[in-house]
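In what follows, a structure is listed as structure tokens, so that the remarks can point back to it.
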Number of protein chains: 2
Amino acid sequence: MSQATPKSEATRARIFAAALRVFRERGFHESTMREIATQAGVALGAAYYYFDSKDALVMAFYEEAQAQMAPALHRILAEGRSLEQRLRGLIGQKFEHFAPNRALMSALSAHIDPNHPLSPFSARTASIRDADIAFFARAVADSGVRLPASIQPYLPRLLWLYQMGLMLFWVYDSSPKQVRTHQLFDKTLHMLLFGLKIASVPLLRPLYRPAGELLKIVYGESAP
Amino acid sequence: MSQATPKSEATRARIFAAALRVFRERGFHESTMREIATQAGVALGAAYYYFDSKDALVMAFYEEAQAQMAPALHRILAEGRSLEQRLRGLIGQKFEHFAPNRALMSALSAHIDPNHPLSPFSARTASIRDADIAFFARAVADSGVRLPASIQPYLPRLLWLYQMGLMLFWVYDSSPKQVRTHQLFDKTLHMLLFGLKIASVPLLRPLYRPAGELLKIVYGESAP
DNA sequence: GTCTATATCGGGATAGAC
DNA sequence: GTCTATCCCGATATAGAC
């Protein structure tokens, strides 16, 4: 997007930092590009020179977050042994990382529309999403989880979706310190692991076929 | 808000109709109040006289939809005997009713934020939501479904949530005639009914307690 | 009470001067 | 690369016609 001229890189960083500051204080919607520019000590036009739109600042935020979290996520996968430890670690790390910007996140989660560039399901965010799903794939990989062949390949994507649901709940969780989310996380994680454990039980056979077909439908061509 | 003077009622209706027309053509975000007013043959001020904001037009759309659908939903409940028939009927009716405005709906489903007035989870839409959930309560009422006491009371709200999830998928389903949604509906409905049937099986006991606690947490005070 | 006309403001985005 | 000026739009407000 822009070459790393030290000078320009510094200006860009200053604008980005100012944006995060303003977003945190005011919330996304109430923040204005004018104020961001002022806070960064540049003119409005300069802000638009570096970031095509207010949304572009958010994309930068996403990308930075992913880059910053990656080492911690790798460490968690390496250290954790059980699927439970790993999932708890991965998802917990996200909560921790995004906590300071929870207010900002809430403005963003508004974008469920897969056609909106900022949506976690959009084409624009595909690379971020795929990299993220890959972490879940690694978490499952040598965990000994066995599912019907029609379902197994979708597990990483389903776990990612589960995480997104938790994040969505978290973002709008007004309980002190978001305890409700953490309780929800705890309970659902146990239910999930129990579900995986009993998935091969004969009683549940009638669920396999429709579940497999369903996943094929949902992940048919486009990919929420 | 405004008394039913025939004259004023007609103007209001004209503006409302124009808004829906413009929304359908342009999409919600791209529609302007100026164009809606022009299309309705009134001045901008008149549009704002009847509708406080662009969002108010959407609220009116929601309310009108509910009022228009109510008779059909009652009929479906009266005619249908099994839970399956009823759920299929209720949810199918929604799809049918909203089909002409699917593009508009997609712009609206962007509002997941419970704090946003237009969100299906907001305080502002509570009465619509409650009335809607009541239909699901009636669908369950004499259907013979038996769940653990810690879960049973939440069933109508969960079914409503299930419906909202389907609608969300539908709204962004780009497959021809939204076949994918209808396949998804079919499969998940069967899985759901099977799940309800086997819910009391001893094997699944370990799921009751966390599930009950979880629902208590989620529906604790605020009510998504 | 119903509506027009118009002015104003804040804010996202762009064009062109420098 | 950066700034100034400008446009467009949602929203609000107001004065006044009928």
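Heavy-atom basis, side chains included; hydrogens, waters and symmetry copies ignored. Chain letters run A, B, ... following the sequence lines, proteins first and then strands; every chain starts at 1.
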Which atom pairs, one a donor and one an acceptor, fall under 3.5 Å between side chains of residues 58-77 of chain B and the rest of the protein, sequence neighbours left out?
from, atom 1, to, atom 2, distance (Å)
B/Gln66, NE2, B/Ile128, O, 3.1
B/His74, ND1, B/Ala70, O, 3.2

Legend entry - Mutual orientation of the aromatic rings belonging to B/Tyr154 and B/Tyr219 [parallel < 30°, tilted 30-60°, perpendicular > 60°]: parallel
Inset, instruction - List the protein contact pattern of nucleotides 11-18 of chain C with one symbol per nucleotide (5' to 3'): B for base contact, S for sugar-phosphate-only contact, - for none; contact means a heavy-atom distance under 4.0 Å. - result: BBBB----
Legend entry - Whole-Å gap separating C1' (D/dA11) and CD1 (B/Ile36): 13 Å
Legend entry - Inter-residue atom distance B/Gln93.CD - B/Phe98.CZ, 0.5 Å rounding: 9.5 Å
Inset, instruction - Would you mind reading off the distance between A/Tyr49 atom OH and D/dT4 atom P, rounded to a whole angstrom? - result: 17 Å
Legend entry - Interatomic distance, B/Arg14 CZ vs C/dT2 P [rounded to whole Å]: 14 Å
Inset, instruction - State whether B/Arg124 and B/Asp55 are salt-bridged, where the test is any N-O pair (Lys NZ or Arg NE/NH1/NH2 against Asp/Glu carboxylate O) under 4.0 Å. - result: no
Inset, instruction - Please state whether the phosphate of D/dG1, meaning OP1 or OP2, lies under 4.0 angstrom from any side-chain nitrogen or oxygen of A/Thr5. - result: yes
Legend entry - B/Phe16 and B/Phe51 aromatic ring geometry - parallel, tilted or perpendicular at 30°/60° bounds: parallel
Legend entry - Rounded distance (nearest 0.5 Å) linking atom CG of B/Asp132 with atom CG of B/Leu159: 11.5 Å
